[in-house]
Amino acid sequence: MNTPSNAVPETSVDARGIAPAAVSATRPMYWSVRRELWENRSLYVAPLIVAAVMLSGFLISTIGLPHRRRAVLLLGPAQQRAAIERPYDMAAMMILATAFIVGVFYCLDALHGERRDRSILFWKSLPVSDLTTVLSKASIPLVVLPLIAFAIIVATQADMLLLSNAVLRMNGVSGATPEQMPVFQQDTGALACADLRLASSRLRLGAPRDVSLGRAAAVLDRRPREDCARHFVYRLDAEVPPDGSHGDGFRFRRGLEDRIHGTTHPGEVPEHARSLGRSALRHRVPRCGGPAAPRPRTDLIRRALSQSLA
Amino acid sequence: MICIEARGLRKAYGTTIALDGVDLRVEEGRILGLIGPNGAGKTTALNAILGLTPYYGELKVLGRDPWAERDLLMRDVCFIADVAVLPRWMRVSHALDYVAGVHPRFDRAKAESLLAKTAIKRASKVRELSKGMVAQLHLSLVMAIDAKLLVLDEPTLGLDILYRKQFYDSLLNDYFDRSRTILVTTHQVEEVQDVLTDILFIDRGRIVLDRTMEEFESRYLEVVVRPDHVAAARALRPIHERQVFGGSVLLFDRADRQQLAALGDVRRPGIADLFVAVMGSPNQAQGAVR
């Protein structure tokens, strides 16, 4: 009757005292955490509401985004970065602050509430040890709430990124890249982010004739940088010689073709007008001409823009 | 097999002594009524048995020390404090999920079938249910647990008489078998009279009377004495006397039935009458215990 998973030594004089279906040690913990989430729905509802508010606010702010982004791109690299990151930081801060407040209120009531409404008599009538109960209550502000906040922040920032990229792309301005999301700048998340970036770069590979600024920067800047981990994925791409003579499949060749066509018949094909224009624009960027010093890609954008505007 | 065994159980809250050396022995398969006035120590005794409060003295419930091993003990012990203890925010489905999740002896199908007999909806929250429905829900949860000891502390407090009757009926018919033990405290003594197999009177932290129902029925007799026989009846040393319309009712312990029949109508007293007799007159109470 005593199954191996029943780790608790049975001291009962009665053999029937042993549970027929032994509950593993983690199950009461799991259900205790779940009941905390049932009881305190605000733990995830409040951050979600804030995220929704931030997203809708961001959605409204995308009305003037292309204009503002063009203005931002004329700034210095540090200011540029700060300006692009600001809404993402803002959303993360708001969600974190909400999670913190919710956590404080949770802690105030966690051990006292069930004594007050006497439901502690119900909880104590079940085979869950006091240790499990206290641990589950402690894990809410220490583990569960940070995880919820992190997940919601990542989701919100990803939505914001997609949203702004979609808007900017429709307006012919290159959007922010995933590494401009503050969350991806955490060293701890580097590996997971590499996966995400890989996925997103694949997505962008699939997008028709898009110019990846991240790639252009990586191609220009072959020297190892301090954040080389972040550029790991791009570095793999960047190992390809810039003339596209081998490797990297259709993407580079197509770019090359565009460039050739672009020089011979600039803007002649109506349905390719934009992409041709853009590839022509990129063509004017000195590819390997300059010194190989670290050059932020934003410089390139600015130079390219000023050239195209001139 | 002994279900509960206590020796010299003591508990004090500050200077107030709640339990003053309680000795208790409850065999398996009994339905024990723990009866006492307010503040007698009933709930303290139950709390000690359930491992909800520390105590002095020796106490074993199903062979375990309740204070040290409450979580293990609760696999075999169920507990209904009163109708107010189910968390009000909880949904019925959550309650089923949770108990099924943490209790190895919970039979979810049985709980579902018990709930199906009631008007309780799965999606309702406990706060939306009436008091009677909460009691039904709690009882359904508890009856689906294959426990060896069920402790009920004022389980029907605030319920109307129909619910109370239904509560004890389903407890007796659907739950109780000879291998289970039920410990119940209540003030509605007359309602549990037919349910109990043992009665235990407790007052000021001490056990004042401990009888099985068979003993109770064979020992105590109540006589409605006509006024002209009162003096003769009093000479037989009743343990309690009360006046009713048209005569006196005298309660006797171990008296001769033939002798009493000559004095008036002999009948079986209720537990409530004995309770009043024992609790109402402290001096006589000692006589009742001896």
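Here is the naming used below: chain letters follow the sequence lines, and residue numbers restart at 1 for every chain.
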Residue among A:Ile120, A:Thr132, A:Asp130 with most heavy-atom pairs under 4.5 Å to chain B: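 Greatest number of close heavy-atom pairs with chain B: A:Asp130.
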Please rank A:Arg118, A:Arg35, A:Glu39 by heavy-atom pairs under 4.5 Å with chain B and give me the top one.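 Counting heavy-atom pairs under 4.5 Å, the top option is A:Glu39.
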Is there side-chain contact between [X] and [Y], with heavy atoms separated by less than 4.5 Å?
| X | Y | value |
| --- | --- | --- |
| B:Phe79 | A:Leu126 | no |
| A:Phe122 | B:Leu141 | yes |
| A:Trp123 | B:Pro87 | yes |
| B:Trp89 | A:Asn40 | no |
| A:Leu121 | B:Leu52 | yes |
| B:Val102 | A:Arg27 | no |
| A:Pro127 | B:Pro104 | yes |

Under 6.0 Å from the [atom1] atom of [X], do we count more than 12 heavy atoms belonging to anything else shown?
| X | atom1 | value |
| --- | --- | --- |
| B:Arg127 | CZ | yes |
| A:Arg34 | CZ | yes |
| A:Phe100 | CZ | no |

Any donor-acceptor pair under 3.5 Å from B:Arg70 side chain to A:Val128 backbone: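 Yes: the side chain of B:Arg70 pairs with the backbone of A:Val128.
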At a heavy-atom separation under 4.5 Å, does B:Ala147 approach chain A through its side chain, its backbone, both, or neither?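 No part of B:Ala147 comes within 4.5 Å of chain A.
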Can you say whether B:Val142 sits under 4.5 Å from chain A via the side chain, the backbone, both, or neither, judging by heavy atoms?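 Neither; nothing under 4.5 Å.
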Tell me, side chain or backbone of A:Ser32 under 4.5 Å from chain B's heavy atoms, or both, or neither?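 When you check distances to chain B, atoms from both the backbone and side chain of A:Ser32 fall under 4.5 Å.
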So B:His94 and A:Trp38, would you call those rings parallel, tilted or perpendicular, with 30° and 60° as cut-offs?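 The arrangement is parallel - the two ring planes meet at less than 30°.
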Can you measure from OG (A:Ser125) to NE2 (B:His103) and round to the nearest 0.5 angstrom?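 One gets 7.5 Å once the value is rounded to the nearest 0.5 Å.
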